[in-house]
Amino acid sequence: TMINLVSFIPEILILTLIIVSLLTGLFYKASKNILTGINFLGFIFIAYLFISFGDSFQNVYSEIKDFNVIILSKIIISLFTALYILLINKSLSNDSIYRYEFLLFVLFATLGSFILISSNNFLTAFIGIELQSLSLYLMAAFNTKNLESNEAGIKYFSLGALSSGFLLFGISMVYFDNSSIQFSEIEHVSHFTEIGLALILIALFFKVSAAPFHIWTPDVYQGSPTISVLFFATLPKFASLIFLFRFFLEMDISSYPSLLFIFKTVCILSLLIGAYGAITQTVIKRLLAFSSINHIGFILLSILSFKFLSQGIFFFYLLIYLVTNFGVFSVLLTLRNSSGELKLISDLSGLKTHNKSKAIALLVLFFSLAGIPPFAGFFAKFFILTASMNEGLIYLSLIAVLSSVIAAFYYLRVIKNMFFNEGEKNLIQNSMFYNSLTYVVCSLFVTLFAFYPDPIILIINTGMLVHKCCM
């Protein structure tokens, strides 16, 4: 059969953007804003292509049942990448580490995410994951003058290589049993398939930093430049979770008791370690790392209880997690004191007197992360808990509620610092238009959602309609 190139247009476009950016960066030394502009418009255009002609990219993934999940997630990734590209320049210049290569890493990681999301066999998935990961290692170590950043890159790289080893070993075991790497052709032949799928699951858990494979997360978040952490915490994680969801559905993981047990254990551990680990943290980014582990626990719970509407619920939680994290990090990027960017939670003290809008934005976003009504995070958690109770996962739901209560404590501690403590060091005024725009939009989204949730639910439902018909 002829390869139908039309269906790969978005990926080809990203590749074109990569080549154009590489050449522009090489030949024009002052090409900062040109590059930002080209890539911003490029991703907006890709999103437009998906929104208008989504169906014409369908024929590639003929075997993939949940096609619309893929299109929807690619639209979201394109839009958020476009937004992220606007934040890069100023943030890197603030740390005086601007080099145009950073943009290339972002583009490669996004290309990897696209390939990963729409792959229908293990090898393309592996290529996607590797393309994504290699860019992330480089982004972690991007601040070459800083020892912590180098250390973060090395840690991430060595542990990531280990997980890739797991992934390949798992794939080879599945292949040994089924003599095929297509998702659709994999049957449960013998225990080899089971062990292979377990190893692949472990590698995927590593990628989304679910406990007990989370060891790298706090260190990498703390050492890397904040702008890189914003990326790690949102888009690649989003793509890997979408893939994990598809993997769970298409491999029919719930029919293997052993794998289901692993899944549930990882879910419980992520919820508890994410909640308990954050209590003792004093560094903002480490706290956010543990908080993201806790959220991964919730997302795994929504994957486990997917029969009741949950495709929508899973997506909904992911989207809100994405928006909130974007908001939190874009506020953190604008905050600096005389010694550089803020590291400790205590550095946030007195933020209310320094800048009310940032303090209020952080308040809203942290409340949403903690799942306090009436913010969007509450509804996301509420839907997941409803679905898991219907599914009969009573113990898991109890643990999830418990971990939310513990998590609320450390989010509230940050808020208390901002509003009720006096700051020692003065924060530097620092105008970053796109960041301000981002955090205002994100916190508005999280707040207004309670009063007007229809558009998002509508988008997700229309995205899921095709799936309901195919079932």
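This chain uses plain numbering: 1 for the first residue, then up along the sequence.
Figure legend: cation-pi geometry between K381 and F298, with NZ or CZ positioned under 6.0 Å from the six-membered ring centre and within 45° of its axis.
Ring centroids of F102 and F142 are separated by less than 6.0 Å, placing the two rings close together. No close placement of the Y321 and F238 rings is indicated, their centers lying 6.0 Å or farther apart. Between F206 and F166, a ring centre-to-centre spacing not shorter than 6.0 Å is recorded. For F122 and F183, the distance between ring centers is under 6.0 angstrom. Aromatic ring centres of F261 and Y256 lie farther apart than the 6.0 Å criterion allows. Annotation: Y156 is in aromatic contact with F232 [ring centroid separation under 6.0 Å].
Side-chain atoms of E194 never come within 3.5 Å of backbone atoms of S190 as a donor-acceptor pair (strictly under, hydrogens ignored). With S228 contributing its side chain and S224 its backbone, the two residues share no donor-acceptor pair below 3.5 Å. Judged purely by atom type and a 3.5 angstrom limit, R413 uses its side chain to pair as donor or acceptor with the backbone of I279. Remark: the backbone N or O of A152 is not paired with any side-chain donor or acceptor of D219 at under 3.5 angstrom. A side-chain donor-acceptor contact under 3.5 Å links S172 to the backbone of L168. N294 places no side-chain N or O within 3.5 Å of a backbone atom of G297 that could act as its donor or acceptor partner. The backbone N or O of L131 sits less than 3.5 Å from a side-chain atom of S135, completing a donor-acceptor pair. The closest donor-acceptor contact from the side chain of S209 to the backbone of F205 lies at 3.5 Å or more, if one exists at all. Under the 3.5 Å distance criterion, the side-chain polar atoms of N121 are matched with a main-chain donor or acceptor of L123.
S404 contributes atom OG, which lies 11.0 Å from atom CG of L369 (distance to the nearest 0.5 angstrom). Rounding to the nearest 0.5 Å gives a distance of 7.5 Å between CG of L17 and CD1 of I85. Separation of atoms CD1 (I296) and CD1 (I273) is listed at 13.5 Å; rounding is to 0.5 Å. In this structure, CG in L116 is found 5.5 Å from OG in S240, a value given to the nearest 0.5 Å. Distance CZ/R246 to CD1/I70: 4.5 Å, rounded to 0.5 Å. Note that the CD atom of E341 and the OG1 atom of T334 stand 11.0 Å from one another [nearest 0.5 Å].
Side-chain contact between S163 and K207 is present, with heavy atoms from C-beta onward closer than 4.5 Å.
In this pair, F192 and F176 present their aromatic rings perpendicular. The plane angle is above 60°, beyond the 30 to 60° band. Classification of the F326-F80 ring pair by plane angle, with boundaries at 30° and 60°, yields tilted.
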Compile the donor-acceptor pairs under 3.5 Å between side chains in residues 440-451 and protein atoms, sequence neighbours left out, one pair per line.
from : atom 1 : to   : atom 2 : distance (Å)
S443 : OG     : Y439 : O      : 2.5
S443 : OG     : V440 : O      : 3.3
T447 : OG1    : S443 : O      : 2.5

Given I77 and I117, is the side chain to side chain contact (heavy atoms under 4.5 Å, CB included) satisfied, shown in steps?
-> CA-CA 11 Å; I77 288 181; I117 288 177; 3.5 Å; yes
Do T110 and F231 pass the side chain to side chain contact (heavy atoms under 4.5 Å, CB included) test, and can you show the C-alpha distance, the side-chain angles, and the key distance before you say yes or no?
-> CA-CA 10 Å; T110 313; F231 194 68; 4.3 Å; yes
E185 and S180: side chain to side chain donor-acceptor pair (under 3.5 Å), yes or no, with the steps?
-> CA-CA 7 Å; E185 291 167 15; S180 165; 2.7 Å; yes
Stepwise, does the side chain to side chain donor-acceptor pair (under 3.5 Å) test hold for D177 with T193?
-> CA-CA 6 Å; D177 233 9; T193 310; 2.6 Å; yes
Stepwise, does the side chain to side chain donor-acceptor pair (under 3.5 Å) test hold for S184 with E250?
-> CA-CA 7 Å; S184 50; E250 289 173 39; over 6 Å; no
Verdict with reasoning, I384 to I299, per side chain to side chain contact (heavy atoms under 4.5 Å, CB included) = CA-CA 8 Å; I384 287 184; I299 293 170; 5.6 Å; no
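Just one residue in the list F382, F383, F379 forms a ring-ring contact (aromatic ring centres under 6.0 Å, His included) with F316, and that residue is F383.
Nearest heavy-atom pair across S149 and A140 is OG-O, 2.8 Å. Annotation for L87 and T438: closest pair CD2-OG1, 3.5 Å, computed over non-hydrogen atoms.
With a 6.0 Å radius and a threshold of 12 heavy atoms from other residues, nucleotides or ligands, I154 has its CD1 atom at or below the threshold.
Between E148 and K343, no side-chain nitrogen of the basic residue sits less than 4.0 Å from a carboxylate oxygen of the acidic one, so the salt-bridge criterion is not met.
The ring pair (Phe, Tyr, Trp, His ring centres under 6.0 Å) analysis of residues 397-417, with sequence neighbours excluded, yields the pairs F366-Y411.
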